[in-house]
Structures are given as C-alpha cells and as structure tokens.
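Mind looking over this structure? Questions follow.
Just so we're on the same page: letters track the sequence lines, and every chain starts at 1.
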Amino acid sequence: MNKDIEKTTAETVFLSFLHPMNFLLSFLIVLHHSFTVNISYNGSYSFMDYGWTIGIQRLMYNVSECAVPVFFYLSAFLFFRTFDGSIISYRKKMKRRFYSLFIPYVFFCTFGYMKHLVAIEGGVISWII
Amino acid sequence: MPLWFIRELMALSLLTIIFYKIIKNPISIIVISILIITLISFGLIPYRSFIYWIPVYLMGASLKREILEKLFIVMENKKTLLFAAFCVLAYFVWAWFLPNGIKAEEMTCAQNLEFILFRILTPLVFFPIAWLICIVNFPRLKFMEYSFFVYCIHFPVITILGIIWDKVVGMSWDLKFMKYFVIVFLTYALCVIMAMNLQRYFKPFWNVLNGNRK
C-alpha cells in the first residue's frame, strides 16, 4: 500500500511540471516561427560568418527545434499512461481526441485559410494598411 | 500553418492499438525505430509525416511510472546532476551545428540522420529540465494554461505583427534584431490576452477552441 502511494506521489510530482513545461515549449514554438532574416545554413558553422542578427536568430531557431519532439513524447506518455489496450478504452480516447484535437484543428485551419485570403500581400487588410 | 503537428498526432492516435502491441516488446521498438531512421536518412520520409515521429512517439508511449521513479532517484545524485547539466549544455551547442534551412531534396543522408538523432535525443535531454521544474516547484501561473491556444493561433499573429512592424517602424537591418524579440513577446502576450478574454466572455466557444482542456 505504501509503495503504491509513493508511486502515485512520484507520478503526481512529475505531472506537476506539465503546465510550466507546456508554456516553455509553446514559447519555443513562437521563437521558432518569429525569425526576421534568412537563418538557413550557409555552408559555414562559424558564428562570425552569420553576424549577430542572423547568428542569434539561427541559434534560437535551432534550439527551439526541441519543442516538437518533446511535444510528441509527452503526448504519447500522457496518452498511454491511462490506456489499457481494450477497445472500450480506445473508443473513449478517440472520442476525447475528437474534441481535443480534431475540432480545434478544423477551426484553426479554416481561420488560417481566411487569414491567408484577407491579410496576406494583395489581400484586403494589406490594401488598407 | 504549423498545425501539421496536430494532424500527425491525430494519425498517431488512430494507430494506438498497433503501438500498444509494439511497446510490449522493447526489441520491436528498436527494430521499427532503426528501420524508420534508415528510411529518414535516405530522405524517404518527410519531416511533417507521422511516420517520421514514430520513434519519438514510441519512446514516450513506453515511458512507465517505474522508470520515472528510478530516474527521479538517480537524478538526486550529484554526479548524475553534473552529467545531466553537461548533456543539456552539449545538446544546445549541437543545436548550432544543425544544417537547417536546406531543402529536403538537397539534404544528404548524414544531414537527415543528424536531424533525426537530434530529435530522438531531445526528450532524454529534456528530462533533467522537467525534473528541475518539479524540484524547484515552479509555480503554475495563469498564462501557462493557454499553451495549446497560443500554439494554434501564434502563426497568424506573428504574420500580422510583422506587417504592422514593417509599416510602422521600417525594415532597417539593426531593427530586424529588435523586431525578432519584440514580436516574440508581443505575440505570446497578445495570444494570452485573447485566450483570457475568450475564456471569460465566450466560455462555450473557448471550450471548443481549447479542445475541452482544463
């Protein structure tokens, strides 16, 4: 019994890191997509060949590559943590995923498409501003 | 749109029953991962495909409570801590040496292999960071609850802020450096503000957008 409580405590403590970790990873994702110059590898690994502006953004871009693998890893851990291999459990998980992933995905993709039509070069907003 | 992650996660979720059988046998995980890594190295599996992420996904799926406990105990040892700190530092130095920005069809086997190995090792390197967050008892602040929404909406916000910055501030070289950090912080702040207002004034709609997350 005590061993079960200790196990639950370790898992609870581990799971308590989720919110700060998700914040850190989502911040890294924003960092990953915000670059303002061409940060592509130019054949050289010398920082001086890039200069400070490109060099710093390139480093931030590459470091923030870590966010996606950790997101996949955590998603798998959290998914299989409470999955027992049964069809009932699978159906329950798929139903939850439908609301937690599919619905937001459809909405945000639609929104993204509309933004593309309205706000990008040649669109209505760019014409106004 | 960066929502390819959600699309691939849905695909991986659909294959749960298969993965459940695979993770029961560690040899299967290793064999399948080596096969996929080989295909990735030859450029046959693209980055934005769920197959690319199967090795990382299987690693996460096979993480058990017992392994967590053992890792927690091991992390309390000073030598282990030092080694973990060195690994994290080495990892961030390695990040500089990633050949980013090269077109997929122009990447060599070695470059593809470097990228996939970097991504597979990432969760292992992040474990000490997760452990540190637990030990320090990092507070759970309100704005940390909106990570999913920020992830979904940040891209158009970055685009729009970039357009506004260019029109208002201009595009001189020195300002590109400032623009980068200003846009990062402004994007996150705006996304959190949007999320807070949606949650407060349009709760049912917010629940749909946030995928019923608490």
B:Trp131 versus A:Phe17: any side-chain heavy-atom pair under 4.5 Å?
->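 They are not in side-chain contact.
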Taking side chain as C-beta onward, heavy atoms only, is B:Cys152 less than 4.5 Å from A:Phe111?
->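 No, every pair of side-chain atoms sits at 4.5 Å or beyond.
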Structural part of B:Tyr47 lying under 4.5 Å from a heavy atom of chain A |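 When you check distances to chain A, only side chain atoms of B:Tyr47 fall under 4.5 Å.
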Is there a donor-acceptor contact under 3.5 Å linking the side chains of B:Tyr146 and A:Ser26?
->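 No, A:Ser26 and B:Tyr146 have no side-chain donor paired with an acceptor closer than 3.5 Å.
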Does the ring center of A:Tyr73 lie less than 6.0 Å from the ring center of B:Phe127?
->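 They do not qualify: ring centres at least 6.0 Å apart.
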Exam field: side chain B:Asn100 to backbone A:Ile39, donor-acceptor pair closer than 3.5 Å =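 At least one qualifying donor-acceptor pair exists.
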Count the heavy atoms of every other residue, nucleotide or ligand shown that sit under 6.0 Å from CD1 of B:Ile67, and state whether that count exceeds 12.
->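 Yes.
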Are the side chain of B:Arg140 and the backbone of A:His19 linked by a donor-acceptor contact shorter than 3.5 Å?
->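 Judged by distance alone, no pair lies under 3.5 Å.
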If we only count heavy atoms from C-beta on, is the A:Leu31 to B:Tyr180 side-chain gap below 4.5 Å?
->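 Yes - at least one pair of side-chain heavy atoms lies under 4.5 Å apart.
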Sort B:Val150 into side chain, backbone, both or neither according to what part of it lies under 4.5 angstrom from a heavy atom of chain A.
->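 Contact with chain A involves the side chain of B:Val150 alone.
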Part of A:Ser46 lying under 4.5 Å from any heavy atom of chain B |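 Contact with chain B: backbone only.
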Find the one option among B:Ile102, B:Asn210, B:Leu209, B:Ile133 whose heavy-atom pairs under 4.5 Å with chain A are most numerous.
->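 The answer is B:Leu209.
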With a 4.5 angstrom heavy-atom cut-off, could you sort out which part of B:Leu121 is near chain A: side chain, backbone, both or neither?
->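 Neither; nothing under 4.5 Å.
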Using a 4.5 Å cut-off on heavy atoms from C-beta on, say whether the side chain of A:Met94 contacts that of B:Leu14.
->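 SC-SC contact between B:Leu14 and A:Met94 confirmed.
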Contacting moiety of B:Arg119, where chain A heavy atoms sit under 4.5 Å |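 Looking at B:Arg119, backbone and side chain both touch chain A.
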Please state whether the rings of A:Phe47 and B:Trp96 are parallel, tilted or perpendicular, taking 30° and 60° as the class boundaries.
->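 Rings of A:Phe47 and B:Trp96: tilted, 30 to 60°.
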Using a cut-off of under 4.5 Å on heavy-atom pairs, state which of B:Lys21, B:Met10, B:Glu145 scores highest against chain A.
->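 Most heavy-atom pairs within the cutoff with chain A belong to B:Met10.
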How far does NZ of B:Lys64 sit from CZ of A:Phe77, to the nearest 0.5 angstrom?
->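 It is 9.5 Å, given to the nearest 0.5 Å.
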Determine the option with the most heavy-atom pairs under 4.5 angstrom with chain B, choosing from A:Asn42, A:Val70, A:Asn22, A:Val30.
->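 Top count of heavy-atom pairs under 4.5 Å with chain B: A:Val30.
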By a 4.5 Å heavy-atom criterion (distance strictly below it), what part of B:Leu9 contacts chain A: side chain, backbone, both, or neither?
->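 Both parts, heavy atoms under 4.5 Å.
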Starting at OG of A:Ser75, measure out to CD1 of B:Ile6 and round the result to the nearest 0.5 Å.
->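 Those atoms lie 10.0 Å apart.
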Closest heavy-atom contact between A:Met21 and B:Ala130?
->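 Smallest interatomic distance, heavy atoms only, reads CE-CB, 3.8 Å.
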Looking at A:Ile87, A:Asn38, A:Asp84, which has the largest count of heavy-atom pairs under 4.5 Å with chain B?
->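 Of A:Ile87, A:Asn38, A:Asp84, A:Asp84 has the most heavy-atom pairs under 4.5 Å with chain B.
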Check whether any side-chain heavy atom of A:Pro104 sits under 4.5 Å from a side-chain heavy atom of B:Val208, and report yes or no.
->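 No, too far: nothing below the 4.5 Å cut-off.
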Once you round to the nearest 0.5 Å, how far does CD1 of B:Ile183 lie from OG1 of A:Thr36?
->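 Taking CD1 in B:Ile183 and OG1 in A:Thr36, the distance rounds to 8.0 Å.
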Check whether A:Tyr90 gets within reach of chain B through its side chain, its backbone, both or neither, counting any heavy atom under 4.5 Å.
->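 Interface part for A:Tyr90: side chain.
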Take A:Phe79 and B:Phe19, measure what side-chain contact (heavy atoms from CB on, under 4.5 Å) needs, and give me the verdict at the end.
-> CA-CA 11 Å; A:Phe79 188 101; B:Phe19 292 143; over 6 Å; no
Could you walk me through whether B:Asn207 and A:Tyr99 pass the side-chain contact (heavy atoms from CB on, under 4.5 Å) test, one step at a time?
-> CA-CA 9 Å; B:Asn207 287 337; A:Tyr99 290 105; over 6 Å; no
Among A:Arg96, A:Arg58, A:Met60, A:His32, residue most engaged with chain B (heavy-atom pairs, under 4.5 Å) =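 Sorted descending by pairs with chain B, the first entry is A:Arg58.
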Roughly how far apart are B:Asn212 CG and A:Ile103 CD1, rounded to 0.5 Å?
->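 If we round to the nearest 0.5 Å, B:Asn212:CG and A:Ile103:CD1 are 9.5 Å apart.
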When the ring planes of A:Phe72 and B:Trp4 are compared, do they come out parallel, tilted or perpendicular, using 30° and 60° as the limits?
->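 Tilted, since the angle between the ring planes falls between 30° and 60°.
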Under 4.5 Å from a heavy atom of chain A, the part of B:Thr187 involved |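 Interface part for B:Thr187: side chain.
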Which pair of non-hydrogen atoms, one from B:Thr122 and one from A:Pro69, has the smallest distance, and what is that distance?
->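 So the minimum-distance heavy-atom pair works out to CB-CB, 4.0 Å.
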Of the backbone (N, CA, C, O) and the side chain (C-beta and beyond), which part of A:Phe23 lies under 4.5 Å from a heavy atom of chain B, both, or neither?
->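 Both backbone and side chain of A:Phe23 come within 4.5 Å of chain B.
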Contact class of B:Leu12 relative to chain A, heavy atoms under 4.5 angstrom |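 Interface part for B:Leu12: side chain.
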Distance in Å, A:Phe83 CZ paired with B:Tyr20 OH, rounded so as to fall on 0.5 Å steps |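 Answer rounded to 0.5 Å: 7.0 Å.
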Would you mind checking which part of A:Leu78 comes under 4.5 Å of any heavy atom in chain B, side chain (CB onward), backbone (N, CA, C, O), both or neither?
->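 Interface part for A:Leu78: neither.
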Mind running side-chain contact (heavy atoms from CB on, under 4.5 Å) on A:Leu24 and B:Phe126 for me, showing each step along the way?
-> CA-CA 11 Å; A:Leu24 175 66; B:Phe126 254 70; 4.2 Å; yes
Between A:Ala76 and B:Ala61, what is the shortest heavy-atom contact and its length?
->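 In terms of heavy atoms, the two residues are closest at CB-N, 3.5 Å.
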Output, in order, the C-alpha distance, side-chain angles, deciding distance and verdict of ring-ring contact (aromatic ring centres under 6.0 Å, His included) for B:Phe148 and A:Phe108.
-> CA-CA 12 Å; B:Phe148 180 76; A:Phe108 284 110; 7.0 Å; no
Do A:Lys93 and B:Thr16 touch side chain to side chain, with heavy atoms closer than 4.5 Å?
->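 No, every pair of side-chain atoms sits at 4.5 Å or beyond.
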side-chain contact (heavy atoms from CB on, under 4.5 Å) between B:Phe185 and A:Phe27, intermediate numbers included = CA-CA 9 Å; B:Phe185 285 101; A:Phe27 185 81; 3.8 Å; yes
Going from NE2 on B:His154 to OG on A:Ser34, what distance comes out if it is rounded to the nearest 0.5 angstrom?
->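 These two atoms lie 7.0 Å from each other.
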Please determine, among B:Pro99, B:Gly162, B:Cys191, the option with the most heavy-atom pairs under 4.5 Å with chain A.
->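 Max contact count across the listed options: B:Pro99.
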Under 3.5 Å donor-acceptor, A:Tyr105 side chain and B:Arg7 backbone =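 No.
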Under 4.5 Å from any heavy atom of chain B - which part of A:Phe107 =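 Just the side chain, heavy atoms under 4.5 Å.
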Segment of A:Phe102 engaging chain B (4.5 angstrom heavy-atom cut-off) =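 For A:Phe102, backbone and side chain are both near chain B.
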Side chain from CB out, backbone as N, CA, C, O: work out which of these in B:Ile158 comes under 4.5 Å of a heavy atom of chain A, or both, or neither.
->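 Just its side chain gets close to chain A.
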